Amino acid sequence: MLYRLGIEEIALPPLPARADFPAIVQELLHGIAPEWQIDDDAVAALRRHAWPGNIRELKAVLTRLTLIEATGTINAFMVPEPGAGSAEQAHECSLRAVATDRIRAVHGETAGNISETARRPGVSRNTVYRALPPDLCQRHAAALTE
């Protein structure tokens, strides 16, 4: 059966070199989160990546970017630089840092209420405890034993 596949060979340019790269980004983002927008600087930042995983990798990165921020807009500051290790590692670090910052901000907004802090972003109480600095966790534990 493989002899049928060898009839025609098609050479595709790398994803960042494609003239329709901005349209591809917009279409993928619309499929992931229709209400989200992406600014031109973010598209340019995405274009600087090699994208060895092609469209599948780009889609995964766009999905992660929509999950780490609740603004509804992807900007260039959210996109990691291509030289900062692998894109996967950079996004993982970025995701953790942003999630931790968000949980800490909600913790402050709720005046330290752990249950409400977990409820708002939809995470578990254990996730909240992991995101808090150790001294805050010790204070919460002490308050529970009093």
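The model shown is predicted, which means the values in this text are computed figures rather than measured ones.
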Considering residues at least two apart in sequence or located in another chain, which fulfil the salt bridge (charged side-chain N to carboxylate O under 4.0 Å, His left out) criterion with [X]?
X	value
D20	R18
R48	E81
E116	R119, R120

[X] versus [Y], closest heavy-atom pair with distance:
X	Y	result
S115	R125	OG-NH1, 2.7 Å
A33	T66	CB-CG2, 4.2 Å
P13	A17	CB-CB, 4.5 Å
V79	A42	CG2-O, 4.1 Å
L132	R104	C-NH2, 4.0 Å

Tell me whether [X] contacts the main-chain N or O of [Y] through its side chain, where contact means a donor paired with an acceptor under 3.5 Å.
X	Y	result
W51	R56	no
N75	F77	yes
T117	N113	yes

Calculate, to the nearest 0.5 Å, the distance between atoms [atom1] and [atom2] belonging to [X] and [Y] respectively.
X	Y	atom1	atom2	value
L15	L58	CG	CG	6.0 Å
L46	I24	CG	CD1	12.0 Å
I32	T63	CD1	OG1	3.5 Å
Q26	L62	CD	CG	9.5 Å
H107	Y129	NE2	OH	8.0 Å
M78	D41	CE	CG	13.5 Å

Legend entry - Connected via hydrophobic side-chain network under 4.5 Å: W36 and L28: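 Yes, same cluster.
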Inset, instruction - Determine, step by step, whether D39 and I74 satisfy the side-chain contact (heavy atoms from CB on, under 4.5 Å) criterion, reporting the C-alpha distance in whole Å, the side-chain angles of both residues, the deciding distance to 0.1 Å, and the verdict. - result: CA-CA 6 Å; D39 65 30; I74 296 173; over 6 Å; no
Inset, instruction - Look at atom CD of Q37 and say whether more than 12 heavy atoms of other residues, nucleotides or ligands are closer to it than 6.0 Å. - result: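 Open.
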Inset, instruction - Could you please spell out the steps behind the side-chain contact (heavy atoms from CB on, under 4.5 Å) verdict for I38 and T73? - result: CA-CA 5 Å; I38 185 166; T73 301; over 6 Å; no
Legend entry - Heavy-atom check, side chain of E57 versus side chain of P52, under 4.5 Å: yes
